[in-house]
Amino acid sequence: MLLKIAVLPGDGIGQEVTTEALKVLKTVADKYGHTLNYEPALVGGAALEKEGVAITEATLDLCRASDGILFGAVGLPKYDNEPMERRPELALFKLRKSFELFANLRPVKNVPMLQNASTIKPEVLAGVDLIVVRELTGGLYFGQPSRRYTDEGGRKAVDTMPYSEQEIERIVRVAFELAKGRKQKVTSVDKSNVLNTSRLWREIANEVHRDYPGIELEHLLVDSAAMMLIRKPASFDVIVTENLFGDILTDEASMLAGSMGLLASASLGTATNAAGGQFGLYEPIHGTAPDITGQGIANPLAAIGCAAMLLRLTYGLEKEASDIEGAVLAVLEAGNRTPDIYETGMTKLGTTQMGEAVANSIRG
């Protein structure tokens, strides 16, 4: 199979971990006789510095001509006080909107050999295997008006949180479809005691539930959900929620796995690709981590997990995806750790060394 991928490393450790994900993809492609055809391009701060915008039309065209996108991370401290049109994060927002990538899937699983990597008690982590389905193209991040202004009362700001029934229905349906192949449970997270958008969300979730009578639906307020993720995380199966809540809860949930450096994500929409599979953007959730950029200590396993998700969801290559995931587990089982998950007695590896260890495990 021809694997035609747009590679957008972005900023900070995004560049470092994407290099290792590509290394693993090349190894799998060689092993199974696929042709890997990828083209890199600049996004985020890297694009702002060299091309004047966070993402160019040429880069968007490259993505349109590809089967999927392997993404690193965007964001640099020097742009923190710039207006949105000069922010690296605009690249990600444009990609989500351009390709209608409305469903962000973030699986979280605790594996026994990493229970001590988390600050949470091992008995609480036992059996954690959940997936968060985050709505990605609506809500506060895209609502208008969104602006800062000054009037006679001083400095003010406004953000708007809109949701339509169509936006809610399609993301909730994604969650129920996923639950069919898992533990048959969906938890819908909202703030319906305060927000009108959440009251609509809950109403539509109940309506969609009628089409899935064999699946349990529970509703949780977002503050209760945040508490339960720490108190009884193994009680969750599929969590579905809106954009802002999903952004926050998935960072919290990363601690169930032990580190943000372990969590991959897939952003999917309605588009298919030339291979007949689902077009998607695959991105580790950890961000650019400017405090460790260039030190060679970033954990590449989330990015490598993105490579596995890309093979599975965009190309339907289950065996190849499972090979990557099995190699990651084998490397961890052998006691190899990057600094973020290191514990005494283990072998500490840098970014490149960890990527090479996974590739070697795949080679056998």
Side-chain angles (χ1 to χ4, degrees), residues 84 87 89-107 130-149 156-180 185-212 215-229 236-253 265-271 278-281 283 285:
M84 180 50 72
R87 294 287 297 271
E89 294 82 1
L90 182 61
L92 201 48
F93 295 153
K94 278 196 171 185
L95 285 165
R96 291 170 181 172
K97 276 295 188 183
S98 296
F99 297 97
E100 197 59 29
L101 301 173
F102 69 88
N104 183 239
L105 312 184
R106 297 189 174 189
L130 61 89
I131 184 166
V132 180
V133 181
R134 170 189 169 194
E135 201 288 321
L136 207 56
T137 57
L140 275 172
Y141 294 175
F142 295 98
Q144 295 297 327
S146 176
R147 65 188 182 97
R148 285 187 57 170
Y149 62 99
K156 297 181 180 178
V158 61
D159 292 295
T160 306
M161 186 177 182
Y163 267 109
S164 68
E165 62 178 305
Q166 292 83 6
E167 288 174 311
I168 299 168
E169 190 271 341
R170 67 181 181 179
I171 193 68
V172 171
R173 197 167 293 279
V174 168
F176 276 104
E177 288 294 324
L178 280 171
K180 284 164 61 176
K185 181 182 178 182
V186 170
T187 301
S188 179
V189 174
D190 59 43
K191 191 63 177 170
S192 60
N193 59 336
V194 176
L195 300 175
N196 279 314
T197 49
S198 282
R199 284 189 277 274
L200 178 63
W201 184 286
R202 186 170 292 207
E203 179 181 321
I204 292 172
N206 285 330
E207 292 171 1
V208 174
H209 184 217
R210 294 172 195 151
D211 294 335
Y212 300 89
I215 296 176
E216 177 188 355
L217 171 64
E218 73 170 346
H219 298 283
L220 282 181
L221 298 177
V222 64
D223 39 355
S224 296
M227 181 269 291
M228 289 298 291
L229 270 173
F236 291 103
D237 180 22
V238 179
I239 299 172
V240 62
T241 192
E242 62 85 46
N243 207 341
L244 175 65
F245 299 161
D247 196 359
I248 296 168
L249 290 177
T250 48
D251 276 18
E252 179 191 15
S265 78
S267 299
L268 308 175
T270 57
Q278 192 162 29
F279 183 91
L281 181 149
E283 171 197 10
I285 80 162

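Throughout, residue positions are numbered sequentially from 1 according to the sequence presented.
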Drop me the distance from [X]'s [atom1] to [Y]'s [atom2], to the nearest 0.5 angstrom.
| X | Y | atom1 | atom2 | answer |
| --- | --- | --- | --- | --- |
| Asp190 | Phe245 | CG | CZ | 7.5 Å |
| Asn206 | Leu217 | CG | CG | 6.0 Å |
| Ile171 | Glu135 | CD1 | CD | 6.0 Å |
| Ile168 | Arg202 | CD1 | CZ | 12.5 Å |
| Thr137 | Arg96 | OG1 | CZ | 9.5 Å |
| Ile204 | Arg170 | CD1 | CZ | 12.0 Å |

When you compare the side chain of [Y] with that of [X], does any pair of heavy atoms fall below 4.5 Å?
| X | Y | value |
| --- | --- | --- |
| Met161 | Leu195 | yes |
| Ile239 | Val189 | yes |
| Phe102 | Val174 | yes |
| Thr197 | Glu242 | no |
| Leu105 | Val133 | yes |

According to side chain to side chain contact (heavy atoms under 4.5 Å, CB included), who are the partners of [X], at least two apart in sequence or on a separate chain?
| X | answer |
| --- | --- |
| Met84 | Arg87, Leu90, Phe93 |
| Asn193 | Lys191, Leu221 |
| Ser146 | Gln144, Asp159 |

Who are the side-chain hydrogen bond (donor to acceptor under 3.5 Å, both in side chains) partners of [X], not counting sequence neighbours?
| X | value |
| --- | --- |
| Thr160 | none |
| Ser188 | Trp201 |
| Asn243 | Arg134 |
| Asp211 | Arg173 |

Restricting to non-hydrogen atoms, name the atom on [X] and the atom on [Y] that form the minimum distance, rounded to 0.1 Å.
| X | Y | result |
| --- | --- | --- |
| Ala205 | His219 | CB-CE1, 4.0 Å |
| Asn104 | Ser267 | ND2-OG, 3.0 Å |
| Val240 | Ala175 | CB-CB, 3.6 Å |

Legend entry - Between Arg106 and Thr250, a side-chain donor and acceptor under 3.5 Å: yes

Legend entry - No-hydrogen, no-angle side-chain donor-acceptor test under 3.5 Å, Glu100 and Thr270: no

Inset, instruction - Tell me, with the steps shown, if Leu92 and Glu283 meet side chain to side chain contact (heavy atoms under 4.5 Å, CB included). - result: CA-CA 10 Å; Leu92 201 48; Glu283 171 197 10; 3.4 Å; yes

Legend entry - Within 6.0 angstrom of Lys94 NZ, more than 12 heavy atoms from elsewhere: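 Check fails, neighbour count at 12 or below.
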
Legend entry - Under 3.5 Å: donor-acceptor pair, side chain of Gln278, backbone of Gly280: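 Side chain of Gln278 to backbone of Gly280, a donor-acceptor pair under 3.5 Å: no, none is there.
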
Inset, instruction - Taking Arg148 for its side chain and Ala157 for its backbone only, find out whether a donor-acceptor pair lies under 3.5 Å. - result: no

Report the residues that fulfil salt bridge (Lys or Arg N to Asp or Glu O under 4.0 Å) with [X], sequence neighbours left out, ordered by chain and then residue number.
| X | value |
| --- | --- |
| Glu203 | none |
| Glu252 | none |
| Glu207 | none |

Inset, instruction - Can you spot which of Val238, Ile215, Val186 makes a side chain to side chain contact (heavy atoms under 4.5 Å, CB included) with Lys180? - result: Ile215

Legend entry - ring-ring contact (aromatic ring centres under 6.0 Å, His included) partners of Phe176, counting only residues at least two apart: His209, Tyr212

Inset, instruction - Name all residues meeting the ring-ring contact (aromatic ring centres under 6.0 Å, His included) criterion together with Phe279; count only those two or more places apart in sequence or in a different chain, and write none if there are none. - result: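 Applying ring-ring contact (aromatic ring centres under 6.0 Å, His included) to Phe279 gives Phe99.
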
Inset, instruction - Let me see the working for Leu229 and Leu249 under side chain to side chain contact (heavy atoms under 4.5 Å, CB included), right down to the final yes or no. - result: CA-CA 8 Å; Leu229 270 173; Leu249 290 177; 4.0 Å; yes

